[in-house]
Amino acid sequence: MKKEQLMLLLTKQIADELRCQPDEIDRHEGFQHMGLDSINSILLLDFIEKQTSVELNPMDLADHPNISSLVDFIFSQINPKGDAG
Amino acid sequence: MLDKGPYWQPLQESNFADPYPMYQALRENDPVHKAQTGEWVVTRFLDVTEVLRDKRFLAGHRQTWLERGVDHLKNRGMDFQAIIEAMSTFILNMNPPEHTRVRQFISEAWVNRELEATVRNNVNALLENIAESEFDIVERYSTMLPTRTACDILGINVASHQEMKELGSAMIKALDPYTTLKDFVRINKASKDFIEFFTQQVHHKISNPENDLISSLIARNEELDGKLTTSELVSICIFMFVAGEETTASLIGTSIFNLLQNPSQLALAKSGGVNMSIVLSELLRFDSPVHLIGRMADADMELAGKAISKGEIVTLCLASANRDESMFENADRLDFNREQKRHLAFGYGIHYCLGDWLAKLQAQIALEEVLRKFPNLSLSDQKIEWRPMLAVRGLKRLVVRAND
Ligand code: HEM
């Protein structure tokens with residue numbers, strides 16, 4: 001998987017959690033600011049694990065608090081070359 | 001990733017093994033710290049006590065959060081209702097006036113406190129089974145004793161103590177902050193099994209009462225004006241089982257580890273030069289089993305100069321409070337001769353532990369007897385592992401040498 005692909009998948013998943021359209025989601029906006037809370041995060045983290053096999057915890061979301069930095073973080077956990085799954 | 005990063009990184013590998021440097025950094029730099037996840041983390045002794053004393057801080061936010069989680073997941077087609085049912089009457093999560101009522105109910109029902117013989121019996125049974133020269137004392141001893149004792153107190157015969165222990169371990173995860181979907185699945189499974197098991201037990205004991213805690217809870221309930229339902233009684237049984245299990249196991253395992261690492265203190269304890277109650281009190285202070293408890297602010301208020309808003313969560317680090325240098329001189333040193341002071345290992349205020357005496361009784365006998373049977377007990381070279389748990393911290397594996 002490429003970063004851009006994961007970015008799209010996450011955007012869609014988050015839009016789904018927040019019951020809005022993917023194009024309303026800004027990749028650089030903070031999760032908290034978007035209204036994504038610890039309850040929404042439960043399924044988001046599970047989704048990420050299923051897609052990438054990377055097991056994140058809720059603190060990782062707080063430490064990498066927007067889609068763009070989260071995807072970078074996920075890739076850094078998979079391998080340094082940038083190919084996932 | 002985050003080298004000097006935020007102070008609060010409890011899930012980092014190194015902090016499971018040793019969270020005390022993180023706590024110290026918090027106490028010194030930001031004792032009431034706003035975590036990146038939104039809650040406040042309180043690490044100093046006096047601030048922790050202040051919160052526990054203040055009626056405007058309520059218990060039960062974990063329960064509320066789990067309820068919201070279960071609701072949300074239900075909308076996505078997943079059923080975790082058993083968790084809510086299992087936890088319906090956990091007094092830890094209740095507030096006055098219900099808390100007062102149920103706490104009194106449990107205290108009144110728990111009349112048989114002559115448990116020394118029971119504990120000795122269990123300790124001997126476990127020690128008799130150990131013949132190896134090297135063994136994992138967590139697996140074979142420290143986690144099994146509280147499970148056996150809890151079964152005896154409640155009056156339940158179980159096919160496998162091991163299975164009950166594992167259910168308890170899964171259930172206690174419900175008290176941890178930062179719950180994942182996998183945790184929900186595991187907690188839900190444990191909840192279902194516990195509910196099924198204790199519902200059977202309660203029904204059986206309604207018609208066949210014996211001299212045990214479940215029968216006594218049933219009998220006392222009959223005398224109440226507002227009777228508890230069977231489901232509420234079952235929830236109380238689950239909590240009485242779970243509350244004393246992982247906590248006491250942690251105290252015994254961690255204490256053995258800390259004694260073996262501090263030969264001079266071990267020698268002092270063995271010599272009888274200090275009273276065992278002082279030894280236990282210092283072991284509880286030095287490495288407290290319960291690291292984190294939580295409360296929710298029910299009003300806007302101030303704590304150590306920080307403005308806490310109504311609805312916000314405070315996480316109280318009991319284990320950090322007990323290492324606070326401003327309360328305990330050389331707090332990072334295990335010292336049975338230190339000046340005796342109150343510690344917070346069993347909490348403080350209206351939720352103060354109901355089983356402190358039982359935990360101390362079990363730990364005292366467990367430590368005395370294991371050291372009597374294995375006078376040369378020592379740490380092996382094998383890796384020590386801590387459980388990846390936050391609220392109740394304890395060893396997962398501690399291989400020791402019997403050296404008989
Ligand atoms: C070393 C072992 C133990 C430790 C460190 C410990 C610690 C604690 C702490 C810190 C609390 C307060 C939690 C809070 O304020 O949020 C608590 C509550 C409680 N503990 Fe223990 N505990 C231990 C063993 C036991 C045992 C053996 C039992 C007996 C079944 C027990 C039963 C309870 C109950 C029922 C409560 C709830 C009290 C309430 O909410 O009013 N505990 N314990």
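Residues of residues 72-88 of chain B that come within less than 4.5 angstrom of chain A, heavy atom to heavy atom, are B/His72, B/Leu73, B/Arg76, B/Met78 in numerical order. Proximity to chain B among residues 31-46 of chain A is limited to A/Asp37, A/Ser38, A/Ile39, A/Asn40, A/Ile42, A/Leu43, A/Asp46, judged by heavy-atom separations below 4.5 angstrom. Residues of residues 291-308 of chain B lying within less than 4.5 angstrom of chain A, judged on heavy atoms, are absent. Among residues 14-30 of chain A, the residues having any heavy atom closer than 4.5 Å to a heavy atom of chain B are, in sequence order, A/Asp16, A/Glu17, A/Arg19.
Heavy-atom pairs under 4.5 Å with chain B were tallied for A/Glu49, A/Glu55, A/Met59; the largest tally goes to A/Met59.
Distance alone, capped at 3.5 Å, places no donor-acceptor pair between the A/Lys2 side chain and the A/Leu6 backbone. Under the 3.5 Å distance criterion, the side-chain polar atoms of B/Asn29 are matched with a main-chain donor or acceptor of B/Ala25. A donor-acceptor contact shorter than 3.5 Å links the side chain of A/Asp60 to the backbone of A/Asn57. No donor-acceptor distance shorter than 3.5 angstrom exists from the side chain of B/Asp47 to the backbone of B/Val42, with no hydrogens or angles considered. Using a distance-only test at 3.5 Å, with no hydrogens or angles considered, no donor-acceptor pair links the side chain of B/Gln63 to the main chain of B/Gly60. Listed for the B/Arg44 side chain is a donor-acceptor partner under 3.5 Å among the backbone atoms of B/Arg27. Not a single donor-acceptor pair under 3.5 Å links the side chain of B/Arg397 to the backbone N or O of B/Glu139. Looking only at distances, a side-chain donor or acceptor of B/Asp176 sits under 3.5 Å from a matching main-chain atom of B/Leu390. A distance-only check finds no donor-acceptor pair linking the side chain of B/Arg323 to the backbone of B/Gln24 [under 3.5 Å].
Other residues, nucleotides and ligands contribute at most 12 non-hydrogen atoms within 6.0 Å of the NZ atom of B/Lys189.
When only modelled atom types and interatomic distance are considered, A/Asp72 and A/Ser69 share no side-chain donor-acceptor pair under 3.5 Å. Counted by atom type alone, B/Asp324 and B/Tyr23 present zero donor-acceptor pairs between their side chains at under 3.5 Å. A donor-acceptor contact under 3.5 angstrom links the side chains of B/Ser288 and B/Asn322, judged on distance only.
Between B/His351 and B/Leu92, the shortest heavy-atom contact is CE1-O, 3.6 Å. The two residues B/Cys317 and B/Thr43 make their nearest non-hydrogen contact at SG-CG2, 3.8 Å.
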task = Run the numbers on B/Arg68 and B/Asp71 for salt bridge (charged side-chain N to carboxylate O under 4.0 Å, His left out), then give the verdict.
result = CA-CA 5 Å; B/Arg68 284 179 51 217; B/Asp71 256 8; over 6 Å; no

inquiry  = For a side-chain hydrogen bond (donor to acceptor under 3.5 Å, both in side chains) check, start with the C-alpha distance between B/Arg387 and B/Ser250, then their side-chain angles and the critical distance, and finish with the verdict.
reply    = CA-CA 10 Å; B/Arg387 295 160 49 78; B/Ser250 157; over 6 Å; no

